[in-house]
**Q** 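Sharing a structure with you now.
Note: hydrogens, waters and symmetry copies are ignored here, and every other heavy atom, side chains too, is used. Predicted, not measured: the structure shown is a model, and the values here were computed from it.
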Amino acid sequence: LDWLAAQQDPQSGVLSLGRSREYAPVGITSLGLLALMAGGSTQGRGPHREEVKRGLTYLLGLVDTSVQAKHRGYIDLKGDNLSRTHGHGYATLALAQAYGMSPRGNNQHARLREVLIAAVELIETSQGSEGGWYYQEREYNPSWSDNSISGYATMGLGFAQSLTDYTIPLAALNRLDVFADRIQEPGGAYDGGSNYAGNWTGAPPDSCNPNYDWINALKTGNLLYELCLIEDPATSTRVARALGFLERYWTVPAGQVNGGGWTQDYQAMFTMMKGLEGCGVETLDLGEAGEDWFAIVAEWIVDNQSSDGRFYVGGRGNENMQTVWALLTLEKAVPRLEFGIPGQCVPYGTEFEPFDADEYVVLGEPPYTWSYSGNADLIVDQDESLFVISYPENWTGSETITFTATDANGKTSDDTATFTVSPAPIVGDIPDQVAPFETFDLDDYLQAPVPELVTWSYEGNSCLGVAIDADNVV
C-alpha cells in the first residue's frame, strides 16, 4: 500500500501508469483508490488519507450529473481511450466504497451518493439487449457483449446495492440471467466456465484470440459474481458447474488459452475471489475435499511480493495495475469468528457466575456450536451456549479452560478463560466468654481450606484490652 500510494501524482491525484505506455488514468486511478480504501484509509483517517482525498477529488471532477448532460453519470476523461466501460465500472466500485466509508450528513457524502447513483444508472442504460456490457457506453445497443467488461459493470451494481439504498432493477437482473446462461460453457472439457462473448448473432470471435473462446478463471470469477446476484448459490446448478471448472483447472497457469487458471494473473485472482466471496464459497475440492482456496491464493501472492512492496510477474498489465489487483485480492472480506469469554475469580465458598457464551461473540455468523477442554478439577455444566462452572469441596486454585466455537460459516475459533477459587479465610464460631477470660488460638477456628498466610485483626472493643501475639493467640 505504501508503494502504491507513492505512485500517485501529488497534484492531480492520478495514479502513474508505471512502465506501461497505455493511457488509462481513469481505470487505474480508480482501482488504486479502491485498494487504498480497502486497506483502511479514508479521506479523514488512515496512513493514506491524503492520497484517498486527492483520488476522490479527481474522480468526482470527471462526472457530469446535470440533467441535460449527454452522458450523465459517465466517469470518463477525454483522451483516455482504454478505460471506457472497464474504467467506469472500476470508478463505480471506488465511489461505492468511498460512500460506504464516508461520514453521514456532510456535503461530501451527499455528493458521493449523487455521483454513485448517476454512475449505476448509466450502467443500467448501457446494458445490452442480450444482458451484458460492451467496451463503450451503449448508445447503439450492439447485439453482443463480453464477460470481462460485464463482470465489472455487474460488480458496480452489486457494490452500490450493498452500500446504499439502491436496488438493482429486476429487468436488469432478468437480462443478466439470460446473458449468464449464454456465456457459460454448456458441456465438454470446459463445462461450467465462462467464455469471452457467448454465441450471439453477429458476435465476432475473441478479438484478441480468434482461434478459441478464452474460457478461463478470470471470466468464470465474473460469472460467479453475476450468478450470485441472480439466484441462490447454495442450490444453483450453474454455480456448481462454475465451481467445478475452477476446481478442474486450478493448477493450470493463467494465460490466453482455454482452461487458463489463476496463477501468474492477479486480475484473475481478484475476479475469482469476488465471485467466490459473493457466492459464499469458502472451500473448494482441490485434490482434497474442503480446502481453503483463499489461503492458497493469498500465500502465492505474498510469496511473490517484491522487496519494495510491489507485485509484478510480467505479462499483461503494468506493475501498478498488477499491484492493485494483488492488494484487492488480499483485502478480501474474510468471515471471522472472534469472541472473548472473561475469566472469573471468587473467594472459596461462593459460586462462579453462570454465563451465555453467545453474548461474548464480537464477530461471527450465528448460530454457534460450543465445546470446551482443559479442565481437570473444575466441573463444567454445559447446555448449548450456557455454561455453569463449579469446584469440588475444599478445592482452591486456578484452571484455564479452552472454549471452542464454530459458526454458521464453518469458521472455528478458540479462546481461553481462567477460573480461580481464592482461599479466603473462613472463620468459624468463636465462643463467648465470661470473665475471667481465657486465652485462645484464633487459628483453631479457621475452616478448610486454610490459606497459607492469614493476618488477624480486631475491632469493636472500647473498655477491654485486646492483644494478638505472633502465634495468633488472643
**Q** Testing T418, I341, T416, V380 one by one against I401 for a side chain to side chain contact (heavy atoms under 4.5 Å, CB included), which residue passes?
**A** V380
**Q** What about F403 and Y372, are their ring centers closer than 6.0 Å?
**A** no
**Q** Knowing that exactly one of T412, T369, D415, D414 qualifies, which makes a side-chain hydrogen bond (donor to acceptor under 3.5 Å, both in side chains) with T404?
**A** D414
**Q** Given the side-chain rings of F419 and Y391, with only the six-membered ring counted for Trp, is the space between their centroids under 6.0 Å?
**A** no
**Q** Could I get the full list of side-chain contact (heavy atoms from CB on, under 4.5 Å) partners for E231, not counting sequence neighbours?
**A** L227, S236, R238
**Q** Between Y90 and W325, is the ring centre distance below 6.0 Å?
**A** yes
**Q** Out of W370, Y368, Y360, which one pairs with F339 under the ring-ring contact (aromatic ring centres under 6.0 Å, His included) rule?
**A** W370
**Q** Please list all pairs passing the side-chain hydrogen bond (donor to acceptor under 3.5 Å, both in side chains) test where one or both residues lie in residues 36-48, with sequence neighbours left out.
**A** D2-H48, Q43-Q108
**Q** What verdict does the side chain to side chain contact (heavy atoms under 4.5 Å, CB included) test give for D377 and E399, after you've listed the backbone C-alpha separation in whole Å, the side-chain angles of each residue and the deciding distance to 0.1 Å?
**A** CA-CA 8 Å; D377 294 317; E399 283 192 353; 3.4 Å; yes
**Q** Just do the side chain to side chain donor-acceptor pair (under 3.5 Å) check on N222 and N147 with the steps written out, would you?
**A** CA-CA 7 Å; N222 282 341; N147 203 27; 5.3 Å; no
**Q** Given side chain to side chain donor-acceptor pair (under 3.5 Å), test S194 with T220 step by step and report yes or no.
**A** CA-CA 5 Å; S194 171; T220 303; 5.3 Å; no
**Q** Kindly say whether the aromatic ring centers of Y266 and F270 come within a distance under 6.0 Å.
**A** no
**Q** Would you check if the distance from the ring center of W262 to the ring center of W250 is below 6.0 Å?
**A** yes
**Q** As a quick check of understanding, evaluate side chain to side chain donor-acceptor pair (under 3.5 Å) for T323 and N320, giving each step before the final call.
**A** CA-CA 5 Å; T323 297; N320 292 350; 5.5 Å; no
**Q** Please determine if E277 and K332 form a salt bridge, counting it only when a charged side-chain N lies under 4.0 Å from a carboxylate O.
**A** no
**Q** Name all pairs fulfilling the side-chain hydrogen bond (donor to acceptor under 3.5 Å, both in side chains) condition that reach into residues 148-164, sequence neighbours left out, sorted by first residue then second.
**A** D146-S148, Y152-Q267
